[in-house]
Amino acid sequence: MSDTPTYRVAPGADISEDATIGDGSSIWHLAQVREGVHMGRDCVVGRGAYIGSGVQMGNGCKIQNYALVYEPAKLADGVFVGPAAVFTNDHFPRAVNPDLSPKSASDWEPVGVTCQEGASIGARAVCVAPVTIGAWAMVAAGATVVKDVPPYALVAGVPAKRIAWVGRSGEKLLPASDGTDAWVCPVSGEWYIPDETTGGLQLASDPVAEVGQSPSEA
């Protein structure tokens, strides 16, 4: 078996020779993948999307058409970035210095957006760096994220605020019927409990021990 990675690049895509693309990935028409990008296995980069220099992507990420992922963004496994979403990378964006000389790479310090495992960013959402989108969190279409989003939170609006909790299936969670502070996914039956460390939720691996009930009792 060959050790050479196998991935698909559509006509018109611009892929740096210095980028690393994982097996099974697809990069579609007019997309640009810059130097130093590390893309995992089975990723999809849609038409016209931009992946900036040195961006790190895990396995199974999906970047939809015309999304702009500027460096130094970091995407964990299974991250979804919707059509025309934007990840910024500058605290104080200016085209020129105070003396009107053009800014160079040494005249500013890039900051990045971090997306943890399974996070989803809706169409035309803007994530203003530096922010972290927690694991399995969901950013609604058109939202503007200016502060960290905790794991499993659904945020919407400008600026984005939490409006619900979501599970790994993407469905809104329901309060547990036992009166505890647990949440239950109506699709999978998974239980989620508060995570004091992150301010979000975490999957209850053992609901009987952690909550006091089994999923069937929700």
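Starting from 1, each residue takes its place in the sequence as its number.
In summary, of the residues considered (L75, V33, N59), a side chain to side chain contact (heavy atoms under 4.5 Å, CB included) with M39 occurs for V33 alone. When each of V126, V128, I133 is checked for a side chain to side chain contact (heavy atoms under 4.5 Å, CB included) with V145, only I133 meets the rule.
In this structure, T198 contributes its side chain and G200 its backbone to a donor-acceptor pair below 3.5 Å. Of the possible donor and acceptor atoms, none in the side chain of S169 sits under 3.5 Å from a partner among the backbone N and O of V187. Not a single donor-acceptor pair under 3.5 Å links the side chain of D77 to the backbone N or O of G58. In this structure a side-chain-to-backbone donor-acceptor pair under 3.5 Å is missing from T114 to T132. Between the side chain of D23 and the backbone N or O of T6, at least one donor-acceptor pair lies under 3.5 Å. A side-chain donor-acceptor contact under 3.5 Å links Q56 to the backbone of G54. For the pair S188 (side chain) and C185 (backbone), a donor-acceptor distance under 3.5 Å is absent.
For R34, the side-chain hydrogen bond (donor to acceptor under 3.5 Å, both in side chains) partners are Y50, S53, not counting sequence neighbours.
Among all heavy-atom pairs drawn from G189 and V184, the shortest one is O-CG1, 4.1 Å. A pairwise comparison of heavy atoms in Q64 and G82 identifies CB-C, 3.5 Å as the closest pair. Shortest non-hydrogen contact noted between A31 and G46 is CB-O, 3.5 Å. For the pair A119 and C115, the tightest heavy-atom approach, listed with the atom from each and the gap, is CB-CB, 4.4 Å. Residues A137 and V149 share a closest heavy-atom pair of CB-CG1, 3.7 Å. Taking each heavy atom of A13 and I27 in turn, the nearest pair found is CB-CG2, 4.1 Å.
Summarising the local packing, CZ of R162 is surrounded by more than 12 heavy atoms from other residues, nucleotides or ligands at distances under 6.0 Å. Around atom NZ of K103, more than 12 heavy atoms belonging to other residues, nucleotides or ligands sit under 6.0 Å away.
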Could you walk me through whether W165 and M138 pass side chain to side chain contact (heavy atoms under 4.5 Å, CB included), step by step? CA-CA 9 Å; W165 297 111; M138 184 175 291; over 6 Å; no
CA sep, side-chain torsions, deciding dist, call: Y192, Q202, side chain to side chain contact (heavy atoms under 4.5 Å, CB included): CA-CA 5 Å; Y192 297 82; Q202 60 181 326; over 6 Å; no
Show the numbers, then the answer: is there a side chain to side chain contact (heavy atoms under 4.5 Å, CB included) between K161 and V155? CA-CA 5 Å; K161 297 180 180 179; V155 300; 6.0 Å; no
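Note: the hydrophobic cluster containing V37 also contains Y7 (ILVMFWY, side chain heavy atoms under 4.5 Å, direct or indirect links). By the rule that hydrophobic residues join a cluster once side-chain heavy atoms approach within less than 4.5 Å of another member, I63 and V44 end up as members of separate clusters.
Interatomic distance, T144 OG1 to R124 CZ, rounded to the nearest 0.5 Å: 12.0 Å. To the nearest 0.5 Å, the span separating CG on N65 from CH2 on W28 amounts to 10.5 Å. Here CZ of F80 is found 6.5 Å from OG of S120. Values are rounded to the nearest 0.5 Å. Residue F87 holds its CZ atom at 13.0 Å from CD of E71, rounded to the nearest 0.5 Å. To the nearest 0.5 Å, atom CG of residue L68 and atom OH of residue Y70 are 4.5 Å apart. Going from atom CD1 of I51 over to atom CG of D14 covers 12.5 Å, rounded to the nearest 0.5 Å.
Side-chain atoms of P175 and W183, non-hydrogen and from C-beta on, do get closer than 4.5 Å to each other. Between D107 and N97 the shortest side-chain heavy-atom distance falls below 4.5 Å. Counting heavy atoms from C-beta outward, P11 and H29 have side chains that approach closer than 4.5 Å. Side-chain atoms of W191 and I193, non-hydrogen and from C-beta on, never get closer than 4.5 Å to each other. Between W108 and R94, every side-chain heavy-atom pair lies at or beyond the 4.5 Å cut-off. At a threshold of 4.5 Å between non-hydrogen side-chain atoms, the residues V111 and H91 count as touching. At a threshold of 4.5 Å between non-hydrogen side-chain atoms, the residues V146 and V131 do not count as touching. Here the side chains of M57 and V79 are not in contact, with every heavy-atom distance at 4.5 Å or above.
Under the 3.5 Å distance criterion, with hydrogens and angles disregarded, no donor-acceptor pair is assigned to the side chains of D18 and S16.
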